[in-house]
Number of protein chains: 2
Amino acid sequence: MTAIKSYIEEKRTMFESYLLQRVEALQAPAPLKESMAYSLRAGGKRIRPMLLFAALETYGKEAEKGLDSACALEMIHTYSLIHDDLPAMDDDDLRRGKPTNHKVFGEATAILAGDALLTFAFELIASSTAHSPEQSVKLIRMLASAAGPEGMVGGQMADMAGEQKTLTLPELEYIHLHKTGRLLAFSVMAGAFIGGADERETSLLEKYARHIGLAFQIRDDILDVEGTEEEIGKPVGSDESNDKSTYPSLLSMNGAKEKLTEELNGAHEALAALGRPAPLLEAFANLIAERTA
Amino acid sequence: MTAIKSYIEEKRTMFESYLLQRVEALQAPAPLKESMAYSLRAGGKRIRPMLLFAALETYGKEAEKGLDSACALEMIHTYSLIHDDLPAMDDDDLRRGKPTNHKVFGEATAILAGDALLTFAFELIASSTAHSPEQSVKLIRMLASAAGPEGMVGGQMADMAGEQKTLTLPELEYIHLHKTGRLLAFSVMAGAFIGGADERETSLLEKYARHIGLAFQIRDDILDVEGTEEEIGKPVGSDESNDKSTYPSLLSMNGAKEKLTEELNGAHEALAALGRPAPLLEAFANLIAERTA
C-alpha cells in the first residue's frame, strides 16, 4: 500500500467512528437518527475530511484538531447527496451501489435527515473545543459561504437550470466550481486555517483546491464514459443518456484528458510555490486525477 | 392602535427591509434568490424576530443589535415552512392564503431555497458585527440546537410519525415543544443573551418562552376549529379531517381553553419573577393567547 493509502486508511477509521458516535449521541427520534446514520455510513473515500487533515498536517498539526470541522464538512456533503437524490431532483435509486436514503426511509424522512445533518454541522463547529471562538466563527462563515446560495446550493441550482441544454465551457465551470468546488476548497482552507497558514499560503491553497476540484469533476465525467458500473457504483453512460453537458461532450475525450492534466499541473504548481513540503496534498492531487471510482 | 401593535408595526418595517436586502445582495442564480425572497416576503406577523427585539429592549438595548440574529431566525422559520409544505411532507398548496413555494417555483427549487435559507442563516450570524466572536459562537450553538435534530427537525419527525394515530398529551407536548417551541424559545433567549441577561433571568425567560410556545400552539388548534378561513388563510377544520391529535381533540374545547389560560398565567408568572419591567414581553404573551389569525 502506498503511503497516502495507508494514511487514509488510518485516519478514516478514526474519523468514521467519531462521526457516527456524534449522531448516535443525539437525543432525537430514532428513525431520524437511523436515516442520518445510514447515509453517513454509506460514505465513500471521505475525500473532504482527508483533505482537511492533510492540510492540517502540512502545518504540523494533528488531524484530531480538525475532527469537528471534518465531521461538519462530511455532514454537509452527505445532506447534499440525500437532497440531490430525491425524486424532485435527480431521482436516483442508487448511490455508491446502495439504495438512496429516500428509497429506504421515504421522502419525508430523507428531507428531514438532510435538514438535520446541515443544521447539526454548524452546531458541531460552534461547540468544538478544538479552536478559539474567533476561529470557530471564521470556520462557520467559511463553511456557510461554501455550502450556501453563493456556493454549493447555487451550483446545484445552476446545474438543474442547465440540464437538457448544451452549456458553454464557462457555464460548466461555474457549476462545478460551485456545486463541488467550494466545499472541496473549504476542506483544504479549513485545515490550513486551523493549522495557522498566512494569507499568501491560504491563497495558494485555494488555488490548489480549485484545480483539484475541477480535476475531480473532469475525472468523474471521464469515468462515466470509460468506467465500469461495478467500479463507480452507478450505471455507466448516465450523463449521455441524460443529455448532460460534460467535459468529454464539450471538449472530446482527448480534450477532457488534456484538461485534466492541466488542472493536475496547476495544483502541483500551487503547492510548489507554498515553500514548505506538502507530500500528502501532492499525493491527494494525483489520487484524484487517477482514481477509478 | 395599542402600544404593542404600533411597536410591531415600526420594527417590522425596519426588519423586513433589512431581511430582503440581505437576500437581494446575494451573488446567486436569480431563480434561487426569487424563490427565497418569495417565501420571506410572504411572512406573517414576524413573531419570532419581534420577540427577540422585545427581549433585547427588556435589557435596554436597541432592536438593531439583534437584527442579524432576527434575520437568521426568520430564515430558519421560513425554510421549515417551505420544506413542510412539500408534497412529500404536508402537501399544502396554500400558506397564509398564497400559493406555497413549490407551487410557484417547483419542488426542486423549493427544496434548494429551503437549504439556502438554512445555510445562509448561520452565515448571517457568523458575519455579524453586532456582537463579539464569543457571543456569535454561542448564538450559533443555541440556534443550531433549537433548529436541528434535537429541536425543530426532531419535532417535525415526531409529528409525522404521530399522524393518523391518537397521541397522549405528553406525546403532543413533545411535538410542540420541539417543532415550534424551541425556535420560539430561541427568539426570547437570544434577545436576552445579547442584552446581557444573567443565568437566573435566562432560565426565567426560557420558562416564559416555553409557556407562550404552548399557548401559541393551543390557540392554533382552537382557531382551526373556531376561526374563519379568511382569518387564518387556510381551510378551517383541516386538523379534524386529517385525523390530527390536537388540544381540543384530547382535552375537549373547554379543556383546551383552560390549558391556554394556564400557559398564559405561567408566562406572566415567569415575567413577574424577573424583577425588571417587561411590558413588551407581557403584551406579546397576551397577543399570542388572543390572536385570531
Side-chain angles (χ1 to χ4, degrees), chain A residues 23 26-29 31-33 35-36 76 79-80 83 86-89 102 106-127 132-145 147-158 160-161 178, chain B residues 23 26-29 31-33 35-36 76 79-80 83 86-89 102 106-127 132-145 147-158 160-161 178:
Chain A
V23 172
L26 286 172
Q27 300 286 325
L32 183 65
K33 285 169 63 173
S35 169
M36 293 165 77
I76 288 190
Y79 114 75
S80 79
H83 282 190
L86 287 167
M89 307 274 281
H102 66 271
E107 269 186 71
T109 302
I111 293 169
L112 291 175
D115 294 343
L117 287 168
L118 172 54
T119 313
F120 188 48
F122 292 105
E123 190 176 351
L124 263 176
I125 301 185
S127 58
S132 70
E134 285 82 2
Q135 285 182 309
S136 301
V137 171
K138 172 113 191 243
L139 284 165
I140 290 166
R141 200 161 64 229
M142 287 163 67
L143 180 56
S145 164
E150 297 187 331
M152 185 180 72
V153 176
Q156 174 65 14
M157 185 75 206
M160 273 173 33
H178 289 77
Chain B
V23 171
L26 286 172
Q27 301 286 324
L32 183 65
K33 286 168 63 172
S35 170
M36 292 165 77
I76 287 190
Y79 114 76
S80 79
H83 281 189
L86 287 168
M89 308 272 282
H102 66 272
E107 269 185 72
T109 301
I111 293 169
L112 290 175
D115 294 341
L117 286 167
L118 171 54
T119 313
F120 188 49
F122 292 105
E123 191 176 352
L124 263 175
I125 301 185
S127 58
S132 68
E134 285 81 2
Q135 284 182 310
S136 302
V137 171
K138 173 116 191 238
L139 285 165
I140 289 165
R141 201 162 61 228
M142 287 163 68
L143 181 56
S145 164
E150 297 188 330
M152 185 179 73
V153 176
Q156 174 65 13
M157 185 75 208
M160 271 174 33
H178 289 77

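Letters A, B, ... are given to chains in the order of the sequence lines, protein chains preceding strands, and every chain is numbered from 1. In what follows, every heavy atom counts, from backbone to side chain, and hydrogens, waters and symmetry copies are set aside.
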>> Quick check on A:L86 against chain B: is it the side chain, the backbone, both or neither that has a heavy atom closer than 4.5 Å?
In response: side chain
> Of the non-hydrogen atoms in A:V153 and B:A116, which two are nearest, and what is the gap between them?
Replying inline: CG1-CB, 3.9 Å
>> Using a 4.5 angstrom heavy-atom cutoff, name the option from A:H102, A:Q135, A:M160, A:E123 with the most pairs to chain B.
In response: A:E123
> Hey, which of B:K33, B:M89, B:K138, B:H178 has the most heavy atom pairs under 4.5 Å with chain A?
Replying inline: B:M89
>> So which atom in B:V137 and which in A:A126 form the shortest heavy-atom distance, rounded to 0.1 Å?
In response: CG1-O, 3.1 Å
> Who wins among B:S80, B:S145, B:A158 for the most heavy-atom pairs under 4.5 Å with chain A?
Replying inline: B:S145
>> Once rounded to the nearest 0.5 Å, what's the spacing between atom CZ of B:R141 and atom CG of A:L124?
In response: 12.0 Å
> Taking B:E150 for the side chain and A:Q27 for the main chain, is one N or O donor matched with an acceptor at less than 3.5 Å?
Replying inline: yes
>> Let's test your reading of the structure: which of B:L112, B:I140, B:L117 forms the most heavy-atom pairs below 4.5 Å with chain A?
In response: B:L112
> Can you say whether A:M157 sits under 4.5 Å from chain B via the side chain, the backbone, both, or neither, judging by heavy atoms?
Replying inline: both
> Side chain, backbone, both or neither: which part of B:P87 has a heavy atom under 4.5 Å from chain A?
Replying inline: neither
>> Using a 4.5 angstrom heavy-atom cutoff, name the option from A:G154, A:A144, A:A108, A:P149 with the most pairs to chain B.
In response: A:P149
> How far does OH of B:Y79 sit from OG1 of A:T119, to the nearest 0.5 angstrom?
Replying inline: 4.5 Å
>> Just so I know, are the side chains of B:D115 and A:M152 near enough to count as touching, which here means a heavy-atom distance under 4.5 Å?
In response: no
> Atom CD1 of A:I111 and atom CD1 of B:I111: how far apart are they, to the nearest 0.5 Å?
Replying inline: 5.0 Å
> In terms of heavy-atom pairs under 4.5 Å with chain A, which of B:E107, B:H83, B:M142 leads?
Replying inline: B:H83
>> Below 4.5 Å, heavy-atom pairs only: which of A:A147, A:P29, A:A121, A:A28 has the largest tally toward chain B?
In response: A:P29
>> What part of B:M36 gets within 4.5 angstrom of chain A, counting heavy atoms only: side chain, backbone, both, or neither?
In response: side chain
